Protein chains: 2
Amino acid sequence: MPMPPPTDDTPRRRSDGEQTHAAILDAAMRLASIEGLSSLTIGRLARELGVSKSGVFAHFRSKQRLQQETIAAAGEVFEREVFVPASAAPAGLARLEALCEAYLSYVERGVFPGGCFFAHLLAEFDAPDGPIHDEVDATQRGWLALLEEHIAIAQHAGDLRSEVDRAQLAFELYAPLELANYLATLYRDPSLTDRGRAAVRATLAAASPTERAWR
Amino acid sequence: MPMPPPTDDTPRRRSDGEQTHAAILDAAMRLASIEGLSSLTIGRLARELGVSKSGVFAHFRSKQRLQQETIAAAGEVFEREVFVPASAAPAGLARLEALCEAYLSYVERGVFPGGCFFAHLLAEFDAPDGPIHDEVDATQRGWLALLEEHIAIAQHAGDLRSEVDRAQLAFELYAPLELANYLATLYRDPSLTDRGRAAVRATLAAASPTERAWR
DNA sequence: GATTAGTTCGCACGACCGTGCGAGATCCGG
DNA sequence: CCGGATCTCGCACGGTCGTGCGAACTAATC
């Protein structure tokens, strides 16, 4: 009995496959952000979507493709939820603050139910395994490079002291964002992001040219 | 052909089981720190140790017990590698610095090949699943509480300003430790821990009563 | 030397994994 | 109305998982 006619009245529409494809990736992102990309399972996805395993498998022709497409899809979500909002701010210090705030807001709003998708990947593929490791590596370097870029602009604009080490400051801004993400998810308490906000504020204040570098 | 007599000349010694038990936990910690506790597999452990699956399984009578004993064993390693060295410093600011330094050193020395075992758990069980989540939760709260405790002592001793929010400062100290761990493992570059050291130093300087709060 | 406790073995079970294949169901262009 | 595309299906495969069981072997005790 292959395909017990869709039962619901709406007949199969043009390009039903694209819809399914997107729905699968949606569920995959949700699952992977909670339990990790490697415990993403075709059978489980199928069950969750009320679809046969073959129905899922046919859309990606290997598990690896499924994983890669899931990462790509999550990348688009991240771009939409973090990069785009932050881009409203002018390049430099304002953009730097906007990036941090956009990240914390994205954690706070629970865009992914298991916390930041990429933070999860960072922890999961921290050991040098397979091709996904390189992708994660590049993602992290890109994020840090973006922060550094705006630090540099802020320095040239005189909004940050020019002696501060850019890579070090990027690290110090990123650190509280990550920890806020992990603890907010672990404790199920989005208010943890306020700790992140305070930390970012303090770090930027310490790097500001006006020496009001205390909380 | 069960048990092809141990082949090597050394005959089975008293309490061979305890040795095996410990060897299994050793391999389990190694594996779990790299690939996560949930991809810890009895079959894989057995293969890695050149032993039958039953030979592994018999020592723990369920997978859950294996996982719990692995966490406990890693806790002992952490205690030996971080808590004990730090305890040499007097309580308060010195202990606080010693704890951060001990953690970074433990990351740097690669005590676990996949980076800090507990940081991995923090990321892996950030979603509320099962009994292990509670254990991870408690571990993290304990670590933060320990930092807070020595912050309080340092404040009473006048080594840190008494107005600073203890929980916030603990968060700001923990954040660079975690990120240093993740990036050092991801980039295979232990020198990342120096970023963590600099961040800790800056954060403590900003909280110090003498206002030399710049890098 | 027989007994006993302890350790590891082979083997089997059901469940789930990723992957393939052929077959129906539906839709679209002719 | 017909023929190809497109989806999704059921089914089957080999592999690995966690878990049990009985048996073989060793070392220590009587």
Side-chain angles (χ1 to χ4, degrees), chain A residues 1-28 31-32 35-70 129-132, chain B residues 1-28 31-32 35-70 129-132:
Chain A
M1 186 203 310
M3 181 88 199
T7 40
D8 57 299
D9 36 333
T10 69
R12 197 93 67 75
R13 283 194 312 280
R14 182 190 55 80
S15 188
D16 203 354
E18 285 180 25
Q19 274 194 333
T20 308
H21 196 94
I24 295 173
L25 286 180
D26 254 40
L31 244 169
E35 313 197 4
L37 196 58
S38 44
S39 37
L40 193 62
T41 264
I42 292 187
R44 175 127 173 228
L45 273 176
R47 227 174 300 128
E48 207 122 340
L49 292 163
V51 151
S52 76
K53 274 206 304 174
S54 325
V56 171
F57 182 80
H59 281 273
F60 320 85
R61 286 179 311 282
S62 77
K63 180 173 183 178
Q64 178 149 280
R65 271 189 64 94
L66 170 82
Q67 291 179 320
Q68 284 167 186
E69 289 199 33
T70 303
D129 275 312
I132 293 188
Chain B
M1 185 206 311
M3 183 88 199
T7 40
D8 56 298
D9 37 331
T10 68
R12 197 95 67 75
R13 284 192 313 279
R14 182 192 56 81
S15 190
D16 202 354
E18 285 179 25
Q19 274 194 334
T20 308
H21 196 95
I24 295 174
L25 285 180
D26 253 38
L31 244 169
E35 314 197 4
L37 195 59
S38 43
S39 38
L40 193 63
T41 265
I42 292 186
R44 177 130 172 227
L45 273 176
R47 227 174 300 128
E48 208 120 341
L49 292 164
V51 151
S52 74
K53 275 207 301 174
S54 325
V56 172
F57 182 81
H59 281 274
F60 319 87
R61 286 178 310 281
S62 76
K63 181 172 184 180
Q64 179 149 279
R65 270 188 65 95
L66 201 201
Q67 291 179 320
Q68 284 166 188
E69 288 199 32
T70 303
D129 277 311
I132 292 186

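From a predicted model like this one, the values you see are computed outputs, not experimental measurements. The chains referred to below are lettered A, B, ... by the order of the sequence lines, with proteins before strands, and numbering in each begins at 1.
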Discussion item. Among residues at least two apart in sequence or on other chains, which ones pass side-chain hydrogen bond (donor to acceptor under 3.5 Å, both in side chains) with A/T41?
Written reply: none
Worksheet item: Nearest-Å distance, CG (B/L45) to P (C/dT8)?
Response: 14 Å
Fill in: Pairs involving residues 59-69 of chain B, ordered by first then second residue, that meet salt bridge (charged side-chain N to carboxylate O under 4.0 Å, His left out) (sequence neighbours left out)
B/R65-B/E69
Discussion item. D/dT19, OP1 or OP2 - any side-chain N/O from B/S54 closer than 4.0 Å?
Written reply: no
Worksheet entry | Rounded to 10 degrees, the angle between the two terminal axes of the helix from C/dG1-D/dC30 to C/dC27-D/dG4, each from five pairs | 10°
Throw together a table of side-chain donor-acceptor distances under 3.5 angstrom for residues 49-58 of chain B, partners on residues two or more places apart or in other chains.
residue : atom : partner : partner atom : Å
B/S52   : OG   : B/G55   : N            : 3.0

Discussion item. On the nucleotide C/dT8, are OP1 or OP2 found under 4.0 Å from the side-chain N or O atoms that B/T20 carries?
Written reply: yes
Fill in: Nearest-Å distance for atom pair CG/P, residues B/L49 and C/dC9
10 Å
Tabulated below should be each protein N or O lying under 3.5 Å from an N or O of nucleotides 13-17 of chain C; please produce it.
residue : atom : partner : partner atom : Å
C/dC17  : OP2  : A/R47   : NH2          : 3.4

Worksheet entry | Whole angstrom value for the distance that separates C1' of C/dG18 from CD1 of A/I24 | 15 Å
Discussion item. List the residues meeting side-chain contact (heavy atoms from CB on, under 4.5 Å) with B/E35, not counting sequence neighbours, and say none if there are none.
Written reply: A/D129, B/L31, B/S39, B/R44
Worksheet item: If only side-chain N and O atoms of B/H21 are considered, is one of them under 4.0 Å from the OP1 or OP2 phosphate oxygen of C/dT7?
Response: no
Fill in: Rounded interatomic separation in angstrom, taking NE2 from B/H59 and C1' from C/dG6
10 Å
Item to complete: Can you tell me the distance, in whole Å, between the CD atom of B/E18 and the C1' atom of C/dT8?
Response: 16 Å
Worksheet item: What pairs with B/R47 under side-chain hydrogen bond (donor to acceptor under 3.5 Å, both in side chains), at least two apart in sequence or on another chain?
Response: none
Worksheet item: Rounded to the nearest Å, what distance is computed from the CZ atom of residue A/R61 to the P atom of nucleotide C/dC21?
Response: 13 Å
Practice prompt. Round to the nearest Å and state the distance from B/Q67 atom CD to D/dG18 atom C1'.
Written response: 11 Å
Worksheet item: Mind checking what makes side-chain contact (heavy atoms from CB on, under 4.5 Å) contact with B/A28, not counting sequence neighbours?
Response: B/L40, B/L45, B/L66, B/T70
Fill in: Any residue meeting side-chain contact (heavy atoms from CB on, under 4.5 Å) with B/H59, in chain and number order, not counting sequence neighbours
B/T20, B/H21, B/I24
